[in-house]
Trainee: 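The structure follows.
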Amino acid sequence: MLSKKPTSATPDTRQTYTLADLDGQAFPGTSLAVLGFPIQHSVSPVMHNAALQAMGQTCLPFTDWHYYRFEVRPGDLAAALPRFAAAGFAGLNLTIPHKVEAVPLVQEVVGDARLMGAVNTLKLDSASGRYTGHNTDGWGMDTAIGRDLKRSLKDATVLLLGAGGAARAAAVQCLAAGCRQLWIGNRNQERLGELLEVLKAAAPEASVTGFDLSAPPHDLPRRDVLIINATSLGLKAGDPAPLSLAGFEPSSTAVYDMVYSQKTALQQAAELAGIPAADGLSMLVWQGAKALQIWSGAEPPAQLMMAAACQALKLTPRHV
């Protein structure tokens, strides 16, 4: 049986593709993509293609760079990565559920990504035909907190909510940036314990304390603190706040919520209490900008990426 010959026209970057399209469709030029399941909601193609279009106006090679969206089901990543490499995809972003699964599948894990236990950015090594793994989530969060809240992780007391993949990246970034104290709250104590063991082994001198998020301790710091929500609470309308803000000193507390799809209960509570708060949209933009820098070696226009994301999400325009 003859295989289907790939079509030569440049594909539509607004569409969602599947692995089958790698056989039936050519992706000319320099191709990039985000892989996930589900993936239809991702605004990464909008952000990256806006940046690439602007970069192509000042640097000719970027005129044939394109960023696509691929639906890759759980369990299919091991078979998918060699196919993307064979198709010449120079870079990939990974989102749920592939960030952890990818770690043993790549040629090398770079920087803090190994300790984070997850990679969200893959770069093709042309010599070996395999991908190297990076994690830009922590850097994106750190940059966003500095710009949105004017707070630094260095010497900060951080209350990190959650112990999943997003929280693990945040925790590693907090320690790498030199936070003074790191408190980690989670409802699942087994998962919390696993994260604490990893962090203690990596940074035995760091001040890291775990607590039950369903019953916060009385000695939990409530002044001069940065609260980071890395739980999934807030993704669905009607979700409660993961932590009550009662008793926190408004003038010295700040809240960073990784959720950006809607104003969460935590963000609303911070607003009512007069506590500065920011959502995770700027983290999305900055982690994407860092990924594009890794692939291209150039400085991406982050403000254009933010503008494109706001337009796609029908949000009021904002600055990065």
Side-chain angles (χ1 to χ4, degrees), residues 1-99 101-102 105-108 119-134 136 288-298 300-301 304-305 308-309 312:
M1 180 175 174
L2 294 176
S3 60
K4 184 178 178 181
K5 183 179 180 180
T7 59
S8 58
T10 300
D12 187 347
T13 57
R14 297 168 296 180
Q15 288 189 14
T16 298
Y17 295 93
T18 67
L19 290 177
D21 293 306
L22 290 176
D23 297 325
Q25 174 72 64
F27 292 85
T30 299
S31 297
L32 310 167
V34 58
L35 317 183
F37 186 86
I39 198 61
Q40 289 86 353
H41 65 284
S42 175
V43 298
S44 290
V46 173
M47 287 196 319
H48 284 280
N49 285 313
L52 290 170
Q53 183 178 15
M55 292 164 69
Q57 293 175 358
T58 57
C59 187
L60 189 60
F62 294 119
T63 57
D64 71 345
W65 285 52
H66 305 285
Y67 189 105
Y68 304 96
R69 177 171 47 210
F70 275 80
E71 182 181 85
V72 176
R73 294 178 175 273
D76 288 348
L77 188 66
L81 292 184
R83 294 180 64 182
F84 278 100
F89 277 72
L92 301 172
N93 277 143
L94 304 177
T95 187
I96 296 172
H98 301 309
K99 294 183 182 183
E101 182 188 356
L105 301 177
V106 297
Q107 174 176 276
E108 180 186 6
V119 290
N120 74 328
T121 300
L122 307 185
K123 182 177 181 180
L124 185 64
D125 181 342
S126 57
S128 67
R130 296 186 63 193
Y131 290 102
T132 57
H134 306 251
T136 66
K290 185 67 173 179
L292 190 49
Q293 183 185 48
I294 289 171
W295 297 323
S296 68
L304 280 179
M305 298 176 76

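Just so we're clear, the structure is a prediction, and the values are computed from it rather than from any experiment. The figures here come from the full heavy-atom set of this structure, side chains too, leaving out hydrogens, waters and symmetry mates.
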Trainee: Do the ring planes of Phe70 and Phe27 sit parallel (below 30°), tilted (30 to 60°) or perpendicular (above 60°)?
Mentor: tilted
Trainee: Taking Trp295 for its side chain and Leu122 for its backbone only, find out whether a donor-acceptor pair lies under 3.5 Å.
Mentor: yes
Trainee: Taking Arg130's backbone N and O only, do any of them form a donor-acceptor pair with Asp125's side chain (distance below 3.5 Å, no angle check)?
Mentor: no
Trainee: Just grab all the side chain to side chain donor-acceptor pair (under 3.5 Å) pairs involving residues 73-85, residues at least two apart or on different chains.
Mentor: Asp23-Arg83
Trainee: Check whether any side-chain N or O of Thr132 sits under 3.5 Å from a backbone N or O of Glu108 as a donor-acceptor pair, and report yes or no.
Mentor: no
Trainee: Kindly write out the residues that satisfy side-chain hydrogen bond (donor to acceptor under 3.5 Å, both in side chains) with Asp12, not counting sequence neighbours, or none if the list is empty.
Mentor: Arg14
Trainee: Can you list everything that forms a side-chain hydrogen bond (donor to acceptor under 3.5 Å, both in side chains) with Gln57? Sequence neighbours excluded, please.
Mentor: none
Trainee: Just jot down the side-chain hydrogen bond (donor to acceptor under 3.5 Å, both in side chains) partners of Thr63, sequence neighbours excluded, or say none.
Mentor: none
Trainee: Between Tyr131 and Phe84, is the ring centroid distance below 6.0 Å?
Mentor: no
Trainee: Using the test side-chain hydrogen bond (donor to acceptor under 3.5 Å, both in side chains), find all partners of Lys290 that sit at least two apart in sequence or belong to another chain.
Mentor: Gln293
Trainee: If every non-hydrogen atom of Trp65 is compared with every non-hydrogen atom of Ser296, which pair is closest and at what distance?
Mentor: CH2-CA, 3.8 Å
Trainee: For Ser42, enumerate each residue passing the side chain to side chain contact (heavy atoms under 4.5 Å, CB included) test, keeping only those at least two apart in sequence or located in another chain.
Mentor: Val34, Ile39, Ser44, Pro45, Arg69
